[in-house]
Structures are given as structure tokens and as C-alpha cells.
Amino acid sequence: WLGARALVELGCKSLVLDDAFSHRQLYRHLDIVVLGDHLLSQEAHLLPWGPLREPATSLRRAQVLWIHQPLETAEEAYVKATVRWPHAVVVVSQLKILDLAPVFPVLPDSGERKTRLLATCGIANPARFVKALEAHQREVAGCCFFPDHHWYTPRDIQYIASQAQTLDADVAVTPKDVVKLTALWPRHLPLWVLRTEAEICNGADELFGLLKKIKLRSERNRKS
């Protein structure tokens, strides 16, 4: 709350928060909740038994329910969600792979780019990262998985580099990991980042219509 207040005093007109659905002190104009496949199941339970931070009934507070990478088709997930949560705008998206881009490219004296990859990440669902690399038609020779939000140390870098050398592979990471690795990464070792984006399959018109209404309402309140 204090951080949001300070930003407003500095002139910010819009605040976008992550993981703030349960933070009730802040007034919000819009709640967007991103759902995993487990929330489409009637058997999801609260922590520590299950993955939920709040009961599924709390989703009644959300104006937008965003389902990313459902197990079924986008259309099936959209229909199922709109029936279960008729009060909200439902958005369904899939992961779109853009490219595998060099962070530190192969140097002239370090040999050719290797065809094999060591998938390295500290995210909640590393299996999806591996699948995305394989969908990009790259051979995943091995994996180095760390806990979600892991902050890398020089010792971690040494371990990753030794694994890559053993497997004769280049290291591939996610955008979430690359910002934590670049300061420590040895420049002579190639490092690749899999760039992706969320591609909306269903609900785009409804979402943008809602955002436009909120913007107009906010501008009217500001003038008054």
C-alpha cells in the first residue's frame, strides 16, 4: 500500500500489480486472475493440500478470468469456463514461440553452435519450458531445474557450465531467468533465451471492451 501511494505521488496514473488478488487494502479498478489447468478441475484444494491460495469461490471477485495453455482446445476451455463463471470475461491464450535468441552468441574461438541444449530455469512449471524447446525442434540433452524465483549464485553458474560441458550442449533459459544470469554469466559460454508471448485465442474483444470502459470511467472520475 505504501509503495502504491508513493508511486501515485510521483505522478503514476496507472498501477499494474502482480500477485495482488489477495491484497485487499488496495482499491482496484480491475482484477484479472490467470488460471492454470488445476482450477478447471472441481477437485482443486487449498494449500498445503492443493495449489489454491484462496477458495475457488473467491473468483467471484474477479472481472476477468484468463486461462493460459489449457490442456484441451482453446474453444473447449472457453466454453467450460464461461459456463462455470458467467459473471466474468473469460480469456483463453496459448504460448506462442517467437525464437531462440542469443544472449551471448558463439564467439569465433569457442567452436560452432551446438545442436543440443541444456534447459535451465527456475520457474513454477519447468516441464512446459522443456516442451517449448522441443516444439522449437531443438534436442534437449539435459535439464538444470531450480526452485521458482531462484536467485542464481556463482556456484550455480559453475554447476550449469559443467553440466553443459559434460553434455556437449549450449545453455537455454527463459526470459525470467536471463535477467538474473547475465551479470554472472561467463562471456565465452553461449547463452540462449527462448522468447515467447501469450497469443489470445478467445475473449480478446470482450477484454479490450472492458478495458476501454474502465479507462473512460477513470478519466471521468479524475476530471470530476
Side-chain angles (χ1 to χ4, degrees), residues 1-39 44-69 85 87-93 95 98 103 120-126 128-129 145-157 173-185 193-200 203-204 206-224:
W1 182 84
L2 292 176
R5 181 176 179 179
L7 289 171
V8 171
E9 291 175 351
L10 288 172
C12 290
K13 296 182 180 179
S14 298
L15 299 178
V16 180
L17 284 74
D18 181 34
D19 285 342
F21 186 61
S22 300
H23 190 77
R24 305 292 189 91
Q25 285 183 295
L26 275 178
Y27 172 81
R28 70 283 314 278
H29 295 86
L30 180 65
D31 275 306
I32 301 176
V33 178
V34 180
L35 307 178
D37 297 317
H38 57 274
L39 278 177
H45 298 283
L46 291 170
L47 292 168
W49 188 12
L52 303 185
R53 300 179 187 179
E54 294 187 44
T57 53
S58 297
L59 292 174
R60 296 168 185 165
R61 304 199 315 267
Q63 293 88 6
V64 178
L65 299 178
W66 191 310
I67 305 167
H68 185 55
Q69 284 191 272
W85 297 293
H87 72 283
V89 168
V90 173
V91 177
V92 181
S93 63
L95 190 71
L98 299 178
V103 181
T120 302
C121 62
I123 59 176
N125 193 336
R128 282 187 173 174
F129 175 51
F145 294 156
F146 296 86
D148 193 18
H149 303 296
H150 182 69
W151 197 263
Y152 295 92
T153 66
R155 186 173 181 178
D156 294 330
I157 305 299
V173 299
T174 72
K176 180 177 178 179
D177 296 287
V178 75
V179 296
K180 305 172 187 178
L181 284 168
T182 49
L184 299 172
W185 196 258
V193 58
L194 185 70
R195 299 195 302 175
T196 61
E197 66 180 15
E199 184 176 45
I200 296 179
E206 293 85 349
L207 173 63
F208 295 134
L210 179 59
L211 292 174
K212 185 176 181 180
K213 287 180 182 179
I214 291 172
K215 180 182 178 182
L216 292 174
R217 189 186 310 144
S218 178
E219 290 175 346
R220 286 197 298 266
N221 292 340
R222 195 178 297 126
K223 290 178 181 179
S224 61

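Values below: every heavy atom of this structure, side chains too, minus hydrogens, waters and symmetry copies.
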Problem - Listed partners of Arg5 passing salt bridge (Lys or Arg N to Asp or Glu O under 4.0 Å), at least two apart - result: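 Scan of Arg5 (salt bridge (Lys or Arg N to Asp or Glu O under 4.0 Å), adjacent residues dropped) gives Glu9.
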Problem - ring-ring contact (aromatic ring centres under 6.0 Å, His included) involving Trp49 - partner list, sequence neighbours excluded - result: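 Once residues adjacent in sequence are excluded, the partners of Trp49 under the ring-ring contact (aromatic ring centres under 6.0 Å, His included) criterion are His45.
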Looking at every heavy atom in both [X] and [Y], which two are closest together, and how far apart are they?
| X | Y | answer |
| --- | --- | --- |
| Ile123 | Phe129 | CD1-CB, 4.0 Å |
| Asp156 | Trp151 | OD2-O, 4.1 Å |
| Pro55 | Leu46 | N-CD2, 3.4 Å |
| Leu194 | Pro175 | O-CD, 3.3 Å |
| His87 | Ala62 | NE2-O, 3.2 Å |

Atom pair [atom1]/[atom2] of [X] and [Y] - distance to nearest 0.5 Å:
| X | Y | atom1 | atom2 | answer |
| --- | --- | --- | --- | --- |
| Thr174 | Lys180 | OG1 | NZ | 8.0 Å |
| Asp31 | Ser58 | CG | OG | 11.0 Å |
| Ser93 | Glu197 | OG | CD | 10.5 Å |
| Gln63 | Arg28 | CD | CZ | 9.0 Å |
| Arg217 | Lys212 | CZ | NZ | 14.0 Å |
| Thr196 | Arg128 | OG1 | CZ | 11.5 Å |

Tell me every residue that passes side chain to side chain contact (heavy atoms under 4.5 Å, CB included) with [X], counting only those two or more places apart in sequence or in another chain.
| X | value |
| --- | --- |
| Leu17 | Leu15, Ala20, Leu26 |
| Arg155 | Thr153 |
| Leu10 | none |
| Leu181 | Tyr152, Ile157, Val173, Asp177, Trp185 |

Practice task
Determine, step by step, whether Phe21 and Arg53 satisfy the side-chain contact (heavy atoms from CB on, under 4.5 Å) criterion, reporting the C-alpha distance in whole Å, the side-chain angles of both residues, the deciding distance to 0.1 Å, and the verdict.
Solution key: CA-CA 10 Å; Phe21 186 61; Arg53 300 179 187 179; over 6 Å; no
Practice task
Using side chain to side chain contact (heavy atoms under 4.5 Å, CB included) as the criterion, point out the one residue from Leu211, Leu210, Val34, Val33 that pairs with Val64.
Solution key: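 Only one of Leu211, Leu210, Val34, Val33 forms a side chain to side chain contact (heavy atoms under 4.5 Å, CB included) with Val64, namely Leu210.
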Exercise for the section: For the residue pair Phe146 and His150, categorise the inter-ring angle as parallel (less than 30°), tilted (30 to 60°) or perpendicular (more than 60°). Expected result: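 The rings of Phe146 and His150 lie parallel, inter-plane angle below 30°.
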Practice task
Taking the side chain as every heavy atom from C-beta outward, state whether Arg195 and Val178 have any pair of such atoms under 4.5 Å apart.
Solution key: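 No; the side chains remain at least 4.5 Å from each other.
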Handout entry: Side-chain touch Glu54/Leu59, heavy atoms, less than 4.5 angstrom
Key =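 Side chain of Glu54 against side chain of Leu59, heavy atoms only: no contact under 4.5 Å found.
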Exercise for the section: Step by step, work out the side-chain contact (heavy atoms from CB on, under 4.5 Å) result for Trp66 and Ile200. Expected result: CA-CA 10 Å; Trp66 191 310; Ile200 296 179; 3.8 Å; yes
